[in-house]
Amino acid sequence: MKFDDVLCPFCGCLCDDITVTAEGGRVTGVDNTCLLGTSKFLGDNRLKNPIMRTDDGWKDVTYDEAIASTLDALLEADRPLLYGWSGTHGEAQCIGVHMAELLGAVIDNTSSVCHGPSILAIQEVGHPGCTLGQVKNRADVIIYWGCNPTEAHPRHMSRYTTYADGYFLDNAFRDRTVIVVDVRRTETAELADVFVEIKPGGDYAVLSALRAMVRGRDEMIPDSIAGVSKEQLRHIVEICKNAKFCAVFFGVGLTMTRGKYKNVRNAIELVDELSRHTKATITPMRGHFNVYGSNEVNTWMSGYPYAIDFCRGIAFYNPGETTAVDILARKECDAALIVASDPAAHLPSKCIRHLANIPVVQIDPYPNMTTAFCNLQIPVAVSGIDAEGTAYRMDGVPIRLRKVLETEYPTDTMLLGRIYEAMMEVRGR
Amino acid sequence: MMRVLLEVKPRKKPLLPIEAECITPASFLEERDLTVWKGNRELMLSNVFNVSVTGEVDSVDGVEVVLRGETSRIKRVGEYMEGGRIIIEDDIGMHCGNFMSGGRIEVHGNAAAWLGREMRGGEIICHGDAGDYCASGYRGEKRGMRGGRVEVCGNAGDFAGEHLSGGSLIIHGDAGDFPGVEMRGGEIMIFGDCTRACGNMTGGRCHVFGTVHEMLPTFRNMGEVVHEDTGQVLTAFRGDVANRGKGNLFVGNYQYME
Amino acid sequence: MSELLVKNAYVIDPVNGINGEVMDIAIRDQWIVEEVGSGAMVIDAKGQLTLPGGIDSHTHICGTKVNFGRYMSPEDMRAGRMPRRGSMHATSGYSVPTTYGNTYRYSTMGYTTLLEGAMAPLEARHTHEEFTHTPLQDTMANTLFDGNWAIMEAVRDGDMRRVAAITAWTLSAVKGFAIKLTNPGGTEAWGWGEDVTCIHDQIPHFEVTPAEIITAMITANEMLNLPHSVHLHCNNLGKPGNYTCTLDTFDLARDLNKNRQTLYATHVQFHSYGGSSWKDICSKSEEITRSLNSKPHIVFDMGQVLFGRTTTMTADGPMEFNLYRLHHNKWSNHDVELETGAGIIPVLYRRSNLVNSIMWAIGLELALLTDDPWQCCLSTDSPNGAPFVRYPEIIAMLMSRRYREEEMSSVHPGTEHRVPLPAIDRELDWEEIAIMTRAAQAKALGLIDIGKGHLAPGAEADIAIYPIQIRDVDPSVDYMKVKEAFATTAYTIKRGRVVARQGDCVVDGINSTIWVDPQVPPEYDISNDPEFVKKFDRYYTVRMRNYPVQDVYLERQVCLRPEVSL
Amino acid sequence: MRFILNTGRTIVQGCHVEDKYSETYAGEVSTCRMNLLDMLELGVEEGEYVSVTCGSGSVVLKVVAAGEAIPCGSVFVPYGPYINHIMPEDTHSTGMPDFKSVVVVITPTTEPRKTLQDLIEDLGGRMYEIR
């Protein structure tokens, strides 16, 4: 069977033009995907059934047993952590927030180790952004700062920027100027008209200088900043000020270096400053296909995009205190539910050591690093392959994930729904 | 004079934080049950502390609360405190003295992050080191600490005095990255070193008597001045020019990145 | 089957001409009926003021920009936090509460139906997701057409049938309720960092003017026979001297529909400024209401401003940028490809500020100087002028000159020379308040036929019982009692069930979303039009197949299917 | 020698996030990419091993020559369990640890690179054998 216009559940590009062929309960072919999407659709390494850790290995358990065991672990805890959420659909994320509220848990998503700092920056200065189609149709200057779309968002340049057809551009590729700013010459940098190589940790200083230069304070800027010559900075300022539409994209190059959200804030304020001269927008290159959805869901349900502590009943928010890395590293939780992410592959080892010492339940279709650190893993359908639901693209556009396979696996919504209902029975309304 | 001694009892899960915003001098003036939270469980204050009260007073200014034992995971002590004294004999957890408007808190050990967040008045003295965001503000809020005085005898972490808009912050040791970032008023004194002082400041005064590493390029050098109290020669800067800033930054030594 | 009898209700039901009668209201399932059996559950209203459930015809509660208002404002979120309690979920936020915060607070104020003021079609799914989590009110969404490329091209070509066909397809695809124009043309110009100043400016690249868009959409609206009229946020919002633009815009509307208005002008307060700069800004409410009084085919809402902290949010991106340049606080902007835009900034309206004080006065003047209360809906354009929880304050001020004078004495002293408010004696009565908070909305939105905004048998059993005996209260003196009574109902009944009681919400609820699906003949189905499809595929970043909002997003729905005349 | 370490995504790492027990994944996320000049100075060849040390420990990685793409003084390692074995957990109270621009010390080594199973067991986990 052939399905057109399927969504790719991999990265924040959320491409929705994929053709998928499925035969005999498996995906047998895909078209239009990048390598990342292809591997996800064709991957076939699912966990077959729930597994539970025993004293000397692993045993298979039923879904009923798994749910009962999950309840025990979470209801007994004084400070459970519910972490992950970016690899599932919005409907499941909603149940997660209700669950956190009922349990008095901390709920955090993977944006705390991805674009969490961007959110902190936005909370200080706001976010002049747009949907990706605005960029595609109008932007004549594209800046990629601290990101590497060729490896992390492979179709970004062909769908939305450099190579995309645009209504107001005669020849998109020729008419656009692409500037890449990074600490190394990535493959993306090879495709740029201008490559700015910056010393690691120097982004903040360079962004401050650019802001001052856009404001006409050129004279006080030293000849070189963090390895970038003033001449090159001047050139960039000229390109941006003369642009009709300047679109900045930034990645975790800004959020993961020292200074974190201050780097992002400085980039946003540069765009604010440019907005006084021309049209300028800025967009974070969100990683997982629905990490932004998790922020959206958390926000309308609880008021905050991530790192929400419901221990006292009300929602309390303070990244740095209520974020997963901090809680795990300080050993401040006594049980964890991991949904649709793999912290053991992506968090510092001190966090993982704590996971090894507390009850951990993981809900995920695939065996992963966290499998080795959980007491129980419950496999589910894969969102976007055998489960439907809502996902939010990196620019906030919500699209419905399609389903191309029938499945015996429960979806995240079904499984979490059952767990939540069972919790309500115990805790009461 | 009333003296309240709170001694931490041994705990089964000693690393789980306790939220104890009820620990303020005023709380002990009234006859009421005080509770604290351990994660999602509400506990009587006496479940966590041995509480002994001696003496009687009718004003909060005569109350002294002493915390003894392993208090490094006790959060929010002295929140909204308006008068009296709190003495912490060892380390204290996060958010000590949040929103404090009067009285005095003395920490003999180290203080965790957010010491004196959004402080309005009164005084905090930390004899050890302070964590990140000492005397800072809340996420998304334009103004951080607005009044009062925080003195740290050791080092302070990153983002000290972020969004400072009034009052004074004194750090005798080193400050980390971005002290005084976004500050718009008030005063910071750092006797040791730091990096990237006062990024994006719009107002207020900051003195760094040691060295500012990775000095930001968007501060205008106004020449040398002699500091009145210490006689030290400092370089005066004005900025942050990235943001029409009118803040004053005085530094002993400075190095740009590279 | 469930039955409920509300006894001894002191009813004001303007749609049915009832103005203060003590009566019983019989309810079976979700409907009001002639009578119920003796086994019905009984609520004794004890002579308290009983009105149809409140309807807000312009508020911002759900969708992309509302959520971005929350996302960017943790400082606002911590202002309104409540824990999970009974059947109520935890809530956060003051000016932009969480969806549960909105639904509980509106419900305890007696509101049962809400119109989200602006939904970008491309992001409609988001609005519907949030509607699902706004369970205690029926919901509907104004759908933005202000910068729609296909429509601008059809307007340029003078092809009204095509305009109507595109509108019909879009409304139906995104499950929208009505046509919204926000600064028509201005949001497209903002795609280049520009704006239009008024209705006769050319829109860059599209060779049409705002006036042409407005006129065409009014025409299309009538061709499609939509329940509501065009819902217009005029050009040039918030600028001194903009009242002339507003008057010119009003002149575009002709009386085309005998059942309702042909134009709904929203938050008119923000469009009623005289003067040439912030230095000499003044109220032009008299000129504006003079025009409105002579044009019964225009209905408007106030857009009242109240002093305090709030968040402004609108599809009017360029306006928000200007506001940002005045306030220097944080600024968010979100342009939506081929369609519209959005901007958000936090603001603080101060009594000590002359401009803010004038804005405050103008809102009240508009309501007091409009002769016919059916033309004026009470609103703050929540949260733009103030969060909706402050409606009771507005009601009390409209009912009491004394209250207004008291407030006037604490605003900027320069205000009185620039506004007519001090000279206005009018005090609205209970019936006028009932009209301006539910009946006028029901009529303007075209919802009376589906049982909204009145209490006759056949109506949907949405009822608000306020804890006040109005025969014992003189609102002109006891305005604090009025304010208190409208803040919290004794009972809010939604779809025949008690959903809120003295400030507590007592059920989970499921909202109904009301949307329109104009019955367009196949030859006008634009989704079969090769030119439309080609441009869609080429310039949108979402495939056409993935654009329409699926049924699954509307757990409960009321679909209106107007017969069109194309 | 002191280096600035950056971690990040690569295509191969990305293609195997749902296949983490594969040889390819482990191979990819246990590489350390360096400038040729730095390799010369350090005295290592492509395919040899280095020990990368920072505040919270050491890990052995395989050297990959990155030509000019990586400037002297910096190294790049794909995200994953190998490098996270040594990444510091301090987030500066922002929630985000330093995954980029971290100072590390790199020395050539003849010690073997750990298997995933070793890494897991070091941290107190237990390998699940996929059937």
Side-chain angles (χ1 to χ4, degrees), chain A residues 4-5 7 16-17 90 94 98 101-102 119 122-134 136-138 159-160 165-168 244-245 272 275-276 278-281 295-297 299-305 310 312-317 388 390 392-393 396-400 402 429, chain C residues 62 64 66-68 70-75 77-78 81-87 89-93 97-101 122-123 125-126 129-130 133 149 190-193 205 321 324-325 329-338 341 344-345 538-543 545-546 550 552-553:
Chain A
D4 289 324
D5 297 338
L7 276 75
D16 72 332
D17 60 346
C94 288
H98 279 159
E101 193 186 277
L102 182 70
I119 294 170
I122 287 167
Q123 291 175 339
E124 290 194 349
V125 290
H127 177 198
C130 62
T131 66
L132 292 166
Q134 287 292 91
K136 168 186 147 89
N137 288 313
R138 299 173 199 259
R159 270 177 68 81
Y160 308 122
D165 272 347
Y167 183 79
F168 294 105
K244 290 199 199 77
F245 188 118
D272 288 348
S275 296
R276 295 164 192 266
T278 181
K279 181 75 185 180
T281 64
N295 297 139
E296 293 277 8
V297 164
T299 302
W300 81 63
M301 305 281 286
S302 77
Y304 307 102
F310 278 110
R312 304 277 298 265
I314 57 165
F316 173 74
Y317 168 76
E388 295 181 315
T390 316
Y392 285 71
R393 202 166 68 183
V397 173
I399 321 179
R400 188 164 181 83
R402 310 262 305 276
R429 284 180 182 263
Chain C
C62 292
T64 305
V66 177
N67 214 33
F68 213 86
R70 301 176 185 119
Y71 184 95
M72 69 189 267
S73 314
E75 74 283 10
M77 290 305 116
R78 71 172 169 171
R81 287 178 297 170
M82 293 289 283
R84 184 183 178 115
R85 179 164 55 97
S87 62
H89 289 288
T91 62
S92 303
T98 52
T99 54
Y100 292 109
L122 179 63
E123 295 169 336
R125 207 168 271 102
H126 186 162
E129 284 214 281
E130 288 197 34
H133 295 96
W149 287 5
W190 181 238
W192 300 113
H205 300 286
F321 183 66
Y324 160 66
R325 294 176 72 160
N329 204 330
K330 46 191 162 188
W331 167 56
S332 290
N333 180 75
H334 183 72
D335 296 347
V336 180
E337 63 206 57
L338 285 77
I344 310 158
I345 75 160
R538 188 169 297 172
Y539 301 120
Y540 269 104
T541 55
V542 169
R543 301 287 296 164
R545 185 200 302 264
N546 291 320
Q550 292 82 355
V552 63
Y553 289 94

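Numbers restart at 1 for each chain; the letters A, B, ... are given by sequence-line order, proteins then strands. We use all heavy atoms of the structure for the numbers below, so side chains are in, but hydrogens, waters and symmetry mates are not. Quantities reported herein were computed from a predicted structural model and do not represent experimental measurements.
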>> Pair A:H127, C:Y71 - check ring pair (Phe, Tyr, Trp, His ring centres under 6.0 Å), show working.
In response: CA-CA 10 Å; A:H127 177 198; C:Y71 184 95; 8.2 Å; no
Is chain C contacted by the side chain of [X], its backbone, both, or neither, given a heavy-atom distance below 4.5 Å?
X      : result
A:F316 : both
A:S275 : both
A:E388 : neither
A:R393 : side chain

>> What I'd like to find out is whether the side chain of A:Y304 reaches to under 4.5 Å of the side chain of C:R78, using heavy atoms alone.
In response: yes
>> Determine whether a donor-acceptor pair (N or O, by modelled atom type, separation under 3.5 Å) exists between the side chain of C:S332 and the backbone of A:G126.
In response: no
Under a 4.5 Å heavy-atom cut-off, does chain A meet the side chain of [X], its backbone, both or neither?
X      : value
C:L338 : both
C:W190 : both
C:V66  : neither
C:Q550 : side chain
C:H133 : side chain

> C:R84 and A:L102: side-chain contact (heavy atoms from CB on, under 4.5 Å), yes or no, with the steps?
Replying inline: CA-CA 8 Å; C:R84 184 183 178 115; A:L102 182 70; 3.9 Å; yes
>> Check whether C:W192 forms a cation-pi arrangement with A:R138 (NZ or CZ under 6.0 Å from the six-membered ring centre, at most 45° off the ring normal).
In response: yes
> Would A:D16 and C:R545 pass as an ion pair if we require N to O under 4.0 Å?
Replying inline: no
> Counting heavy-atom pairs under 4.5 Å to chain C, which of A:T390, A:T281, A:I399, A:I119 comes out on top?
Replying inline: A:T390
